[in-house]
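Input: a single structure, listed below in structure tokens.
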Amino acid sequence: MKTQVAIIGGGPSGLLLSQLLNKAGIATVILERSSRTHVLSRIRAGVLESGSVGMLQEAGVGDRMQREGIPHDGCYLTDDNLMVRINFRELTGKQVMVYGQTEVTTDLYNAQDAMGTSILHDVSDVVIEGADSSTPYVEFTRDGARQRLDCAYVAGCDGFHGVSRTTIPAEKRRAFERVYPFGWLGVLSKTPPASHELIYANSKNGFALASMRNENLSRYYVQVPLSDKVEEWSDDRFWAKLKDCLPAEVAQTMTTGPSIEKSIAPLRSFVSEPLRWGRLFLVGDAAHIVPPTGAKGLNLAVSDVFYLYQALIAALTKGDTTQIDAYSERALARIWKAMRFSWQMTTMLHQFEGEDSFAAQMRKATLAHLADSETARRELAENYVGLPY
Ligand code: FAS
Ligand code: PHB
């Protein structure tokens, strides 16, 4: 088998990169470890930055998002005394779009199918060879047979647990990491959202997030110790915890119901540098992980794709390699700013086990300053809606 760009991973990064390259006449093959059903069963991100909305429209997959997505002009940050609205539109002139990652991935799969792109599911034992040569190739097993895919470039879009990052020799890589001592227990329920906009709640009982997918599908999270297991959390226990963390006027009026999905996600900040080794490029979670507090994970994957797809088109159609030479540095510049924002939102909104009373005061003061200062609210808003590409 031969193609121009071999893409490891059929999540949002791989699919969006493939879609944009295919639209420019570049051939790709996507190698995906899981079945399509499994990929689409994962409940992940919920908020798209304005830049991500633009990229999906450019890729030709924005129609359903525009019909079914919910534009949001702001969100709320609360503690036990204050409820502060961050008015994105007033402060930045931009909105965000509430449209689940599952829907984004579905739209991309449908568009790729319509273009007849080769997406090979259920592959295993993927090995990237010759990445630091001019003739890279990928070997993999599928339907019991060992196969080889020759290519000009390889895009590692295989997430945090993929093979791409570790294909780069350890001595060529540098990792930066912060593992947080808690996780998020997430619930999806067929209930109307507790609020018309997202609420990030920092209460004496811990952190909670009230989000949504549509007017009859709500997405909620509460902070839990890393030692907790999802089977220890009945629906009743979850709803009680959530209501303990949300503002009383919201908790008293919200609708609860049976969970249709329940899972615990650990929180970490992680970056691996560089994002390139020869003809291999890392994209999305293969290169970086952010705590979901800033709603940046999926959106960073999209901005990585923005930098890489144009670079690959220039290299493959004009022999111009200046952009692929600049990819890692350009993408990392934006990645680190989003990494900072996600870390700041996480430390501002969560209680850390064993913290002293000073830390709790700092959280209260941060929210009080947001309540008083339009400048502070604008700084948060410009990061939340997405910094320029
Ligand atoms: P992905 O991990 O989505 O996709 C990688 C793909 O590669 C997967 O389909 C995988 O099966 C495949 N793969 C892995 N190894 C392979 C191999 N060896 N060979 C072939 N294929 C391989 N972000 C937010 O903004 N908000 C959130 O609320 C949020 N919640 C999250 C909850 C969880 C539990 C997780 C894990 C992530 C969450 N994220 C969230 C972040 C998430 O949305 C990612 O940023 C997004 O999925 C990144 O997309 P990809 O880079 O495509 O990686
Ligand atoms: C979600 O709706 O899943 C969501 C929204 C905002 C976040 C994290 C998760 O910051």
Side-chain angles (χ1 to χ4, degrees), residues 6-18 30-36 38-49 52 70 72 75 77 96-102 104-105 108-109 119-128 138-142 155-167 183-188 193 197-200 207 209-214 217-221 230 261 263-268 270 282-305 338 341-342 345-346 349 384 386:
I7 297 176
I8 321 291
S13 294
L15 291 164
L16 180 59
L17 177 64
S18 180
I30 296 177
L31 302 176
E32 166 55 49
R33 176 177 61 185
S34 305
S35 68
R36 188 168 296 192
H38 179 78
V39 174
L40 294 176
S41 69
R42 296 188 293 231
I43 306 296
R44 291 199 174 160
V47 172
L48 299 177
E49 295 175 349
S52 298
I70 310 170
H72 275 207
C75 73
L77 276 69
V96 296
M97 177 74 81
V98 170
Y99 190 64
Q101 177 172 323
T102 307
V104 171
T105 312
L108 284 165
Y109 267 121
I119 304 177
L120 306 182
H121 287 279
D122 301 311
V123 305
S124 60
D125 304 317
V126 170
V127 176
I128 301 165
V138 182
E139 286 191 345
F140 59 95
T141 299
R142 187 167 187 259
C157 303
D158 47 352
F160 187 66
H161 301 290
V163 297
S164 299
R165 184 174 66 252
T166 51
T167 296
W184 280 15
L185 168 62
V187 157
L188 196 64
E197 291 179 331
L198 273 64
I199 300 175
Y200 291 83
F207 167 85
L209 169 59
S211 184
M212 68 201 72
R213 290 293 177 269
N214 59 49
L217 194 58
S218 296
R219 180 66 168 167
Y220 296 111
Y221 299 91
V230 67
E261 193 273 346
S263 54
I264 294 179
L267 269 64
R268 87 175 65 235
F270 176 87
L282 303 184
V283 184
D285 278 18
H288 43 74
I289 296 288
V290 282
T293 331
K296 292 295 159 223
L298 174 59
N299 292 295
L300 267 186
V302 173
S303 55
D304 290 351
V305 168
F341 176 67
S342 304
M345 286 283 279
T346 303
L349 292 166
Y384 196 93

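The structure displayed is predicted, hence computed values, not measured ones. In each ligand, atom 1 is the first atom listed, and ligand 1 is the first ligand listed.
- Annotation for ligand 2: atoms under 4.0 Å from non-hydrogen atoms of G46 are 1 (C), 2 (O), 3 (O).
- Taking a 4.0 Å cut-off on heavy atoms, H38 fails to register as neighbouring ligand 1.
- What sits closest to atom 38 (C) of ligand 1 on the protein, heavy atoms only, is R44 CD, 3.9 Å.
- Looking at I289 against ligand 1, nothing comes within 4.0 Å, counting heavy atoms.
- Less than 4.0 angstrom separates some heavy atom of G11 from each of these atoms of ligand 1: 4 (O), 6 (C), 9 (O), 52 (O).
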(Q) For D285 and H161: C-alpha separation, side-chain torsions, deciding distance, then whether side-chain hydrogen bond (donor to acceptor under 3.5 Å, both in side chains) applies. (A) CA-CA 9 Å; D285 278 18; H161 301 290; over 6 Å; no
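- The Y200 neighbourhood of ligand 2 comprises atoms 6 (C), 7 (C), 10 (O), with distances under 4.0 Å to a heavy atom of that residue.
- What sits closest to atom 9 (O) of ligand 1 on the protein, heavy atoms only, is R42 NH2, 2.5 Å.
- Under the 4.0 angstrom criterion for non-hydrogen atoms, F140 is not in contact with ligand 1.
- Among E32, R33, Q101, R36, the residue whose heavy atom lies closest to atom 46 (C) of ligand 1 is Q101.
- Polar contact check, I8 against ligand 1: no nitrogen or oxygen pair lies under 3.5 Å apart.
- Selection from L16, L120, D304, D158 by nearest heavy atom to atom 14 (C) of ligand 1 gives D158.
- With 3.5 Å as the limit, one finds no donor-acceptor pair spanning the side chains of D122 and S35.
- Atom 34 (C) of ligand 1 has as its closest protein heavy atom A265 CB, 3.7 Å.
- Those atoms of ligand 2 with a heavy atom of V47 less than 4.0 angstrom away are 5 (C), 6 (C).
- Closest protein heavy atom to atom 18 (N) of ligand 1: V163 CG1, 3.6 Å.
- Here is the list of ligand 1 atoms found below 4.0 Å of a heavy atom in V126: 19 (N).
- For W184, every heavy-atom contact with ligand 2 shorter than 4.0 Å involves the side chain, none the backbone.
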